[in-house]
Trainee: 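Quick one: this structure, given as structure tokens, is what I'll be asking you about.
None of these values were measured; they are calculated from a predicted model. In what follows, chains are A, B, ... by sequence order, proteins preceding strands, each numbered from 1. Side chains included, hydrogens not; waters and symmetry mates left out as well; all remaining heavy atoms used.
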2 protein chains.
Amino acid sequence: MPRIRHTTLTCSPGCTVEATLELFGGKWKALILYHLFEDGVLRFSEFRRRMPNVTQRMLTNQLRELEADGLISRTVFPEVPPRVEYELTDLGQTLKPVIHALKTWGDKYAHSLKPEKE
Amino acid sequence: MPRIRHTTLTCSPGCTVEATLELFGGKWKALILYHLFEDGVLRFSEFRRRMPNVTQRMLTNQLRELEADGLISRTVFPEVPPRVEYELTDLGQTLKPVIHALKTWGDKYAHSLKPEKE
DNA sequence: CGGAATCCGCCACGATACTG
DNA sequence: CAGTATCGTGGCGGATTCCG
């Protein structure tokens with residue numbers, strides 16, 4: 001994946017495409033959002049199980065950024081052992097069509113891509 | 001933006017979201033595609049005018065990757081001075097709903113984002 | 001359990017030249 | 001006009017360790 005963060009507005013108005021992309025420019029953000037759309041509420045450990053290849057550091061990072069952007073909420077339950085739940089905010093919910101479009105396209109055309117070059 | 005390239009499949013099947021994102025993981029690819037949807041056919045120099053902040057190097061790069069992924073076509077006219085035109089392939093056209101979703105969301109909600117932290 | 005802190009490699013991306 | 005070629009760098013992202 002490319003680095004998308006901080007794209008320092010590059011285009012004349014009308015190119016809000018970029019702005020949107022910066023939101024899940026994070027390497028795993030789209031995936032996080034996707035799982036939240038699927039499951040509604042997820043704990044940290046549940047994310048880890050669903051995305052085994054992501055390190056804790058990255059997962060924490062991306063979750064924090066999504067939170068800072070107002071797309072997800074983070075609720076800490078003062079228990080022992082601690083429990084933290086993540087869910088989509090109202091703003092986050094509005095991204096559903098976008099993520100859905102990404103997934104729909106992927107399901108349909110992912111296989112028709114040229115073979116990767118590794 | 002994040003680096004999206006080569007995300008080495010991270011998720012159990014059903015997460016084609018990622019696969020799709022790798023396509024415009026490139027920092028400027030979404031923008032390129034967007035302009036192609038707007039204008040149909042574009043020359044190299046026209047891209048440059050529409051995206052002033054992108055260096056030639058990056059533009060060439062991203063165009064080449066999009067071509068390699070089969071999303072756009074590149075036509076060279078054997079003239080002097082040289083002319084090169086880019087347009088969407090049939091596969092590329094199928095991305096329209098996706099890019100459209102990105103733009104639609106951006107138009108609606110870009111302003112409601114938390115202020116950037118720089 | 002859900003992180004925070006630290007160290008570091010690597011390569012995506014940019015700036016600047018040069019070319020057919 | 002439409003690129004290549006070369007070089008340098010920031011910061012993304014991984015691995016590991018420690019903490020309440």
Side-chain angles (χ1 to χ4, degrees), chain A residues 1-10 18 21-32 41-68 72-87 117-118, chain B residues 1-10 18 21-32 35 41-68 72-87 116-118:
Chain A
M1 276 203 168
R3 304 170 175 172
I4 305 189
R5 210 100 259 272
H6 300 142
T7 316
T8 55
L9 45 116
T10 56
E18 262 195 309
L21 257 191
E22 285 195 28
L23 292 182
F24 25 102
K27 196 169 182 175
W28 313 102
K29 292 185 186 176
L31 225 13
I32 292 174
V41 180
L42 284 173
R43 303 182 53 172
F44 191 81
S45 51
E46 293 176 317
F47 275 119
R48 299 224 63 201
R49 241 168 290 135
R50 278 162 181 73
M51 305 156 66
N53 300 359
V54 192
T55 58
Q56 323 83 316
R57 174 182 154 71
M58 272 303 102
L59 184 54
T60 308
N61 243 328
Q62 306 280 301
L63 285 169
R64 286 302 200 284
E65 291 191 13
L66 288 171
E67 188 193 1
I72 66 175
S73 69
R74 176 174 179 268
T75 311
V76 184
F77 294 87
E79 307 172 354
V80 182
R83 180 161 58 104
V84 179
E85 290 186 351
Y86 296 89
E87 60 184 318
K117 51 264 178 179
E118 21 196 347
Chain B
M1 275 199 162
R3 302 171 176 168
I4 306 191
R5 208 101 263 270
H6 298 143
T7 314
T8 54
L9 45 114
T10 58
E18 262 195 309
L21 258 192
E22 285 195 30
L23 292 181
F24 24 102
K27 197 169 183 176
W28 313 102
K29 292 186 186 176
L31 226 11
I32 292 174
H35 285 297
V41 180
L42 285 174
R43 302 182 52 170
F44 192 81
S45 50
E46 294 175 315
F47 275 120
R48 298 224 63 199
R49 242 168 289 136
R50 278 163 182 73
M51 304 158 65
N53 300 359
V54 191
T55 58
Q56 327 80 314
R57 173 181 155 64
M58 270 303 102
L59 183 54
T60 309
N61 242 323
Q62 307 280 300
L63 285 169
R64 287 298 201 285
E65 291 191 12
L66 287 171
E67 188 192 2
I72 67 175
S73 69
R74 177 175 178 267
T75 311
V76 184
F77 295 87
E79 309 172 353
V80 183
R83 179 161 57 105
V84 179
E85 289 185 352
Y86 295 89
E87 61 184 318
E116 291 300 329
K117 52 264 179 185
E118 16 198 348

Trainee: Which helical stems does DNA chain C take part in, if a stem means at least 3 consecutive Watson-Crick or G-U pairs with both distances below 3.5 Å?
Mentor: C:1-20 with D:1-20
Trainee: Using whole Å, report how far CD of A:E22 lies from P of D:dC12.
Mentor: 12 Å
Trainee: Would you name the heavy atoms of A:E87 and A:V41 that are closest together and state the gap between them?
Mentor: OE1-CG2, 3.9 Å
Trainee: I need the NZ-P distance between A:K29 and D:dG13, as an integer number of Å.
Mentor: 9 Å
Trainee: In whole Å, what is the span from the CE atom of A:M58 to the P atom of C:dA5?
Mentor: 14 Å
Trainee: Go through it in stages, so that I can follow the logic: the residues are A:K29 and A:E65, the test is side-chain contact (heavy atoms from CB on, under 4.5 Å), and I'd like the CA-CA distance, side-chain angles, deciding distance and then a yes or no.
Mentor: CA-CA 9 Å; A:K29 292 185 186 176; A:E65 291 191 13; 2.7 Å; yes
Trainee: So, taking the atom named CZ in B:R48 and the one named CG in B:N53, what distance separates them when rounded to the nearest 0.5 Å?
Mentor: 10.5 Å
Trainee: Provide, to the nearest angstrom, the distance between the CD atom belonging to B:E85 and the C1' atom belonging to D:dC1.
Mentor: 13 Å
Trainee: At what distance, to the nearest 0.5 angstrom, does OH of A:Y86 lie from CD1 of A:I72?
Mentor: 6.5 Å
Trainee: Once you round it to whole Å, what is the distance between C1' of C:dC13 and CG of B:L59?
Mentor: 13 Å
Trainee: Provide, to the nearest angstrom, the distance between the CG atom belonging to B:N61 and the P atom belonging to D:dG3.
Mentor: 12 Å
Trainee: Check nucleotides 4-8 of chain D for protein N or O atoms closer than 3.5 Å to its own N or O atoms and list the pairs.
Mentor:
{"residue": "D:dT4", "atom": "OP1", "partner": "B:R64", "partner atom": "NH2", "Å": "2.8"}

Trainee: I need the minimum non-hydrogen distance between B:L59 and B:I32, along with the two atoms involved.
Mentor: CD1-CD1, 4.0 Å
Trainee: Could you tell me which non-hydrogen atom of B:Q62 sits nearest to which non-hydrogen atom of B:W28, and how far apart they are?
Mentor: OE1-N, 3.3 Å
Trainee: Would you classify B:F47 as touching base, sugar-phosphate or nothing, given that sugar-phosphate means primed atoms plus P, OP1 and OP2, and contacts are heavy atoms under 4.0 Å?
Mentor: nothing
Trainee: Any side-chain N or O of B:T55 less than 4.0 Å from the OP1 or OP2 oxygen of C:dA15?
Mentor: no
Trainee: Using every non-hydrogen atom in the two residues, find where A:R83 and A:E85 come nearest and quote the distance to one decimal.
Mentor: NH1-OE2, 2.9 Å
Trainee: Could you state the atom-to-atom distance from CD of A:E18 to P of C:dC13 in whole Å?
Mentor: 12 Å
Trainee: Examine D:dC12: is either OP1 or OP2 under 4.0 Å from a nitrogen or oxygen in the side chain of A:W28? Give yes or no.
Mentor: no
Trainee: Which pair of heavy atoms, one from A:M58 and one from A:V54, lies closest together, and at what distance?
Mentor: CB-CG1, 3.8 Å
Trainee: Heavy-atom contacts under 4.0 Å between residues 77-84 of chain B and DNA chain D, which residues?
Mentor: B:P81, B:P82, B:R83, B:V84
Trainee: In whole angstrom, what separates A:E67's CD from C:dG2's P?
Mentor: 15 Å
